[in-house]
Amino acid sequence: MKRINHLAIKSLKYRKFTITLSIISISLSVILLLGVERIRNQVHESFASTISGTDLIVGARTGSVSLLLSTVFHIGYANQNVSYESYEAISKNPKVAWSIPLSLGDSHKSFPVLGTTDEYFEHFKYGRKQNLEAAAGHLCVHGMGAVIGADVAKNLGYSVGDELIVTHGMGDESFVKHDHDPFTIEAVLKPTGTPVDQTVHVSINSMGAIHAEFYNEEDSLAYDPFAEALAAHQNEHDHHHHAHCNHGHSAEAGGTPSTLTGFMLGLHKRNEVLLMQRHLNTYEDEPLSAIMPVVTLLELWNVVKPIQKTLIIISFLVLIVAFVGMLTTIMTSLNERRREMAILRSVGAKPRDIFQLIIIESFSVTTIGIIVGIIILHLLLLVAKPIISSQLGILINIFDFNMMELSFVSIILLGGLLIGFWPAYLSYKHSLADGLTIKV
Amino acid sequence: MKKEACIQISDLQFQWPDQKETLLNIPELIINQQEHLYIQGDSGSGKSTLLNLLGGIIEPQQGDITILGQSLRQLSSSQRDHFRAAHIGYVFQQFNLVPYLSILDNVTLPCDFSSERYKRAGASSNSIKKEAMRLLSHLGLEDEALLQKPVTQLSVGQQQRVAAARAFIGSPEIIIADEPTSSLDANAQESFIKLLFDEVKSKNTTIVFVSHDERFIPLFEHSIQLTSLQANKATTLMEGGQL
């Protein structure tokens, strides 16, 4: 046993060039397979933590996934809006602890604009029940203040104090710009890894105001007394720019909007969620849909599942390619090694020693490939971790192997061993047929 | 002085599974201890097959080979592998060396597979490494710088001498040489054979030298035509009996 291992190690060292290539290809597939799995896992976790602590999201009657997409991911339009009356009535329901109104549909340079209230920063939570935090400035959206997500700030190079103009509808090229009503950036949020990073948050009241102004006053482009009023308000606001958000400050321009895209609810008692959901889904005054975000997130994740499966399948295909490469390397070496096997036989090696010599080779290549792959993957993750967490807000656990990854590693190890059986058996047969003399 | 039989072949018949005719049919062959026997045979006459049979790599369909009093038929294939490692040293025509082992590792290789040869080599010099060095210097390979070379950089003649050192290490009772000189140039051929003889002079070693070449017959005390051993060549059997 020992003498064969000894021989196998020397033989591997002798052919270090081709062996290194085999090891590299195995390592690469290990990096790919484990990397994809690790990222899939973290993306899943981050996806599942897009929103937390919100018991119900309510919108006009629609499908649950589309309501989630429009209110949380800001993807797609809600066809119908909810009346402000219904929102007010439901907010006053004794079961409701807090409510956040949401109004979507405007954008700023293709980033969605979310009209909401300061309550949003108090009650909206993501991940492990984390509140949104400001990287700079104060989280106020009343008046003409805007709070922008980390990606918005980064991509557009905005910082606190800059002004931005909201465009009606999505997309850069929209010709309807509310360019008389610039918002001033009050705060930039820390990265969260959620759609919040790509969102511009403004006051729902100011948003309602500029809409009302746009649709009601045809000559608003020529002269806009409202804008002046807003500008005056803005100047006044500047005085307490660095103060904490003043919730008593309710002199909102334009008053309340007439409709909402939807709203988020937090209840006093968790166990009343189902009851409340049924109540809202059968709301008499207006057809509404109420969803539990956690449940709908799962539904949505199932839609994404085939993509991750495809990634895993591709990684396995890469692994198979690596195995074929290794097999080719070993197979091509077999013929030139027939004489070596005859020499070993002449000094007393048994046919099963020959078998072992070859199987050790594929096993070592696979094992070293796995180890090297895991080391490189973790080095890459160590380097990428700060970048990924600041860019995508996804926190990657580094030395944390889950069961899936461990089973992948065992599959690769077993695969390497099984693949080694073929050349080992061939070599065994050769050595039986050749004996001490090879007619090569 | 009556010499003891080292190798005894009786009623041996061998046929490869994919061939129609019996390749070897040897009613009797006795090779005594310390005998240096030259077996001449043309290619295809079954020389290689005979060597495989002597080494216990393959088994005859009929008959038996007894080596040092041990019937090979009574041994399992794994026991035969072990028996071969302990008692027979081989030198082949060319490419005798394992390319990824150093010269010294090539020489000591049989000691890895046979504890008997390990012990005997160790007893002869203090360690198997020293014994390997001693054998190599006997065979004219004593240059330190040369010993550091990868075996693939040695000349054919040097390779054959390393192979001879490997065959001799641990003093096996039998040395089987299969065309060991045919890859050497004419001058080197004879000196190589003399080196072999020199090395076994003081020992009880039997040499079986197999070649197609008839030129070396005079160097050996005994020689034989492989064809003459065969039973179907009844007329030449007597010739074999001349041994």
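What you are looking at is a predicted structure, and each value in this text was computed from that prediction instead of being measured. Sequence lines set the chain letters: A, B, ... in the order given, protein chains first and strands last, and positions in each chain run from 1.
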(request) Compare every heavy atom of A:Gly348 with every heavy atom of B:Ala85, then report the nearest pair and how far apart it is. (result) CB-CA, 3.6 Å
(request) Side chain from CB out, backbone as N, CA, C, O: work out which of these in B:Arg80 comes under 4.5 Å of a heavy atom of chain A, or both, or neither. (result) neither
(message) Counting neighbours of CD on B:Gln153 that are heavy atoms of other residues, nucleotides or ligands and sit closer than 6.0 Å, is the number greater than 12?
(response) yes
(request) Test side chain to side chain contact (heavy atoms under 4.5 Å, CB included) on B:Arg166 and A:Ile343 and set out the steps. (result) CA-CA 11 Å; B:Arg166 184 180 61 211; A:Ile343 297 165; 3.4 Å; yes
(message) Please determine whether the number of non-hydrogen atoms from other residues, nucleotides or ligands lying under 6.0 Å from atom NZ of B:Lys203 exceeds 12.
(response) yes
(request) Select all residues of residues 109-118 of chain B having any heavy atom within less than 4.5 Å of some heavy atom of chain A, and report them by number, or 'none'. (result) B:Leu109, B:Pro110, B:Asp112, B:Phe113
(request) Flag yes if more than 12 heavy atoms outside B:Lys129 fall under 6.0 Å of its NZ atom; otherwise flag no. (result) no
(message) Contact between B:Phe92 and A:Arg339 at the side-chain level, heavy atoms closer than 4.5 Å - yes or no?
(response) no
(request) Under 4.5 Å heavy-atom distance to chain A, tell me which part of B:Pro99 shows up: side chain, backbone, both or neither. (result) both
(request) Let me know if B:Asp105 has heavy atoms under 4.5 Å from chain A in its side chain, its backbone, both or neither. (result) side chain
(request) Please determine, among B:Leu101, B:Ile88, B:Asn106, B:Asp178, the option with the most heavy-atom pairs under 4.5 Å with chain A. (result) B:Leu101
(message) Would you say that more than 12 heavy atoms from the other residues, nucleotides or ligands in this model lie under 6.0 Å from the OH of A:Tyr425, or not?
(response) no
(request) Below 4.5 Å from any heavy atom of chain A, which atoms of B:Ile176 appear? Answer side chain, backbone, both or neither. (result) neither
(message) So which atom in B:Ser78 and which in A:Lys350 form the shortest heavy-atom distance, rounded to 0.1 Å?
(response) OG-CE, 3.1 Å
(request) Any chance you could measure B:Leu51, atom CG, to A:Ser346, atom OG, to the nearest 0.5 Å? (result) 11.0 Å
(request) Against chain B, label A:Arg337 side chain, backbone, both or neither, depending on which of its atoms sit under 4.5 Å from a heavy atom there. (result) side chain
(message) Looking at A:Phe408, I'd like to know if its CZ atom is crowded, meaning that more than 12 non-hydrogen atoms belonging to other residues, nucleotides or ligands lie closer than 6.0 Å.
(response) yes
(request) Give a yes or no on whether A:Arg352 atom CZ has more than 12 heavy-atom contacts from other residues, nucleotides or ligands under 6.0 Å away. (result) no
(message) Is the shortest side-chain heavy-atom distance between A:Ile9 and B:Tyr100 below 4.5 Å?
(response) no
(request) Indicate the atoms forming the closest heavy-atom contact of A:Pro351 with B:Asp81, along with that distance. (result) CD-OD2, 3.5 Å
(request) Pick one of side chain, backbone, both or neither for A:Leu12, based on which atoms fall under 4.5 Å of a heavy atom in chain B. (result) neither
